[in-house]
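So the structure is just underneath, and the comments pick up after that.
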Amino acid sequence: QVQLVESGGGLVQAGGSLRLSCAVSGRTISSAAMAWFRQAPGKEREFVSAIIGSGRRIDYGDFVKGRFTISRDNAKNTVYLQMNSLQPEDTAVYYCAATWGSNYYYTNSATYGYWGQGTQVTVSS
């Protein structure tokens with residue numbers, strides 16, 4: 001019954017910004033660990049960010065360097081990823097993921113049992 005739908009991707013010039021959304025249906029996100037991952041062709045899936053439960057714990061990938069912000073809106077049951085100062089190296093398909101399980105390794109993709117279809121982000125130089 002759980003479904004995740006990403007939106008907000010597109011083409012942007014280097015230095016620009018995008019805001020990704022992940023709308024969740026079927027279960028409330030308030031008790032979930034929510035995450036963003038990204039994957040470029042021929043490369044490994046890479047951890048971007050995670051927000052756990054009420055937001056008491058937030059993690060970012062090392063490459064973020066203060067450029068991205070994860071947040072959630074419980075009323076809309078939606079998680080967001082604000083991306084600023086985008087670089088060509090950020091080009092990838094971005095995926096939203098969720099778990100309501102007991103796995104504490106939130107930066108590992110194997111932790112998550114639910115995934116969205118992905119949204120393409122392309123950054124030109």
Practice task
Evaluate side chain to side chain contact (heavy atoms under 4.5 Å, CB included) for Val12 paired with Thr122, printing each intermediate quantity in order.
Solution key: CA-CA 6 Å; Val12 65; Thr122 303; over 6 Å; no

Can you check whether [Y]'s main-chain N or O pairs, donor with acceptor, with [X]'s side chain at less than 3.5 Å?
X: Asp59; Y: Thr107; answer: no
X: Tyr60; Y: Ile70; answer: yes
X: Thr99; Y: Gly113; answer: no
X: Arg67; Y: Ser85; answer: yes
X: Glu6; Y: Cys22; answer: no
X: Thr78; Y: Lys76; answer: yes
X: Thr119; Y: Gly9; answer: yes

Please list, one pair per line, the donor and acceptor atoms closer than 3.5 Å that link side chains of residues 33-44 to other protein atoms, with sequence neighbours excluded.
residue: Arg38; atom: NE; partner: Glu46; partner atom: OE1; Å: 2.9
residue: Arg38; atom: NH1; partner: Asp90; partner atom: OD1; Å: 2.9
residue: Arg38; atom: NH1; partner: Tyr94; partner atom: OH; Å: 2.9
residue: Arg38; atom: NH2; partner: Glu46; partner atom: OE1; Å: 3.3
residue: Gln39; atom: NE2; partner: Lys43; partner atom: O; Å: 3.2

Do [X] and [Y] land in one hydrophobic cluster if side-chain heavy atoms of ILVMFWY residues count as linked below 4.5 Å?
X: Trp115; Y: Val5; value: no
X: Val64; Y: Phe47; value: no
X: Val121; Y: Leu81; value: yes
X: Tyr112; Y: Val2; value: no
X: Val93; Y: Val123; value: no

When rounded to the nearest 0.5 angstrom, what distance separates [atom1] in [X] from [atom2] in [Y]?
X: Leu11; Y: Gln120; atom1: CG; atom2: CD; value: 9.5 Å
X: Gln13; Y: Ser124; atom1: CD; atom2: OG; value: 5.0 Å
X: Ser21; Y: Leu4; atom1: OG; atom2: CG; value: 12.5 Å
X: Met83; Y: Thr69; atom1: CE; atom2: OG1; value: 11.0 Å
X: Gln3; Y: Gln117; atom1: CD; atom2: CD; value: 8.5 Å
X: Asn77; Y: Ser25; atom1: CG; atom2: OG; value: 8.0 Å

Problem - Closest approach of Gln87 to Gly15 (non-hydrogen atoms, all atoms of both residues) - result: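 Looking at all heavy atoms of both residues, the shortest contact is NE2-N, 4.5 Å.
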
Exercise for the section: Would you tell me whether Ser17 and Asn84 have side-chain atoms, one donor and one acceptor, within less than 3.5 Å of each other? Expected result: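 Side chains of Ser17 and Asn84: pair found under 3.5 Å.
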
Any side-chain heavy-atom pair from [X] and [Y] closer than 4.5 angstrom?
X: Ile58; Y: Ile52; result: no
X: Tyr80; Y: Arg19; result: yes
X: Val48; Y: Phe63; result: yes

Exercise for the section: In sequence, state the C-alpha distance, the side-chain angles, and the governing distance for Leu18 and Leu86, and then conclude on side chain to side chain contact (heavy atoms under 4.5 Å, CB included). Expected result: CA-CA 8 Å; Leu18 287 172; Leu86 285 163; 4.1 Å; yes

Problem - Residue pair Tyr114, Val24: steps toward the side chain to side chain contact (heavy atoms under 4.5 Å, CB included) verdict - result: CA-CA 10 Å; Tyr114 300 93; Val24 180; over 6 Å; no

Practice task
Apply the test side chain to side chain contact (heavy atoms under 4.5 Å, CB included) to residues Ser49 and Phe68: give CA-CA distance (whole Å), side-chain angles for both, the deciding distance (0.1 Å), then the verdict.
Solution key: CA-CA 8 Å; Ser49 185; Phe68 297 177; over 6 Å; no

